[in-house]
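Please read the structure below before turning to the comments.
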Amino acid sequence: MNQLTIKDIPQKNLENKKVLVRVDFNVPLEKKDGQIFITNDLRIRASLPTINYLTDSKAIVVLVSHLGRPKGFDSDLKMDPVANRLSELLGKKIIKLNDSIGPEVENAIESLKSGDVCLLENIRFYKEEEENDTEFARKLAKRFDIYVNDAFGTSHRAHASTAGVCAYLHPSLSGLLLEKEVDSLNKVLTNPTRPFTTILGGSKISSKIEVIKQLIPKVDTLLIGGA
């Protein structure tokens with residue numbers, strides 16, 4: 001892939017840099033006895049190589065993700081269960097903030113130290129995220145030195161946390177998971193083993209129409225499910 005990745009930057013150049021990392025922590029949840037539980041943590045685990053690479057490089061790591069499809073604030077879709085599980089997986093305390101933009105967030109980011117990992121609140125609590133509002137993107141990017149996209153599953157969406165922030169943060173890099181996903185996809189599409197069957201899932205089929213058009217000439221069978 002042509003996009004620069006975090007490994008294209010010398011680790012010494014990442015030290016003490018404030019890095020905003022777009023991850024995909026949109027994990028399945030279950031509510032039981034008033035408590036929210038994660039039923040599958042695969043997406044959190046998939047982000048660990050990028051997070052560990054950055055912390056090993058002594059960067060200051062701030063993670064941002066959406067969770068579910070909230071219409072404004074939704075206490076059942078707060079990122080707290082994700083922060084708790086990530087803390088267990090990393091074996092270190094995760095600093096969880098109760099917002100994703102604003103003075104309190106900026107002050108908290110300024111107080112972070114090299115190697116710290118911080119998680120912002122659900123970015124979709126703000127409608128400006130999906131609108132790719134430029135002012136919202138500017139506020140989100142404020143205080144950071146570098147942007148890293150490690151959320152393959154949301155990279156096709158022109159949202160503030162995937163596209164908008166790139167106008168304000170340079171360099172904007174790919175994470176290790178995104179690089180791995182794109183490389184795997186390129187290999188499959190350029191030299192597939194035949195017969196080549198693609199299974200396309202997800203509930204929002206309308207957003208995949210262009211992908212389907214691109215796949216039709218390349219595949220022998222296309223199976224669409226989930227919608």
Please check if the side chain of [X] supplies one atom and the backbone of [Y] the other of a donor-acceptor pair under 3.5 Å.
{"X": "Asp133", "Y": "Glu135", "answer": "yes"}
{"X": "Ser87", "Y": "Lys92", "answer": "yes"}
{"X": "Ser172", "Y": "Tyr147", "answer": "no"}
{"X": "Thr39", "Y": "Glu30", "answer": "no"}
{"X": "Ser114", "Y": "Lys58", "answer": "yes"}
{"X": "Asp8", "Y": "Thr5", "answer": "yes"}

Heavy-atom side-chain proximity of [X] to [Y] below 4.5 angstrom:
{"X": "Val165", "Y": "Phe144", "value": "no"}
{"X": "Tyr168", "Y": "Lys142", "value": "no"}
{"X": "Ile38", "Y": "Ile44", "value": "yes"}
{"X": "Ser155", "Y": "Leu178", "value": "yes"}
{"X": "Thr134", "Y": "Glu128", "value": "no"}
{"X": "Lys127", "Y": "Lys71", "value": "no"}

> Excluding sequence neighbours, so at least two apart, what forms side-chain hydrogen bond (donor to acceptor under 3.5 Å, both in side chains) with Asp41?
Replying inline: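 In terms of side-chain hydrogen bond (donor to acceptor under 3.5 Å, both in side chains), with neighbours along the sequence ignored, Asp41 is linked to Arg45, Arg85.
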> What pair of heavy atoms forms the shortest contact from Thr50 to Leu177, and how long is it?
Replying inline: OG1-N, 3.7 Å
> Do Arg22 and Ser161 have side-chain N/O donor and acceptor atoms under 3.5 Å apart?
Replying inline: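 Looking only at side-chain atoms, Ser161 and Arg22 do form a donor-acceptor pair, the distance falling under 3.5 Å.
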>> Quick check on Ile199: does its CD1 atom have over 12 non-hydrogen neighbours (other residues, nucleotides or ligands) under 6.0 Å away?
In response: no
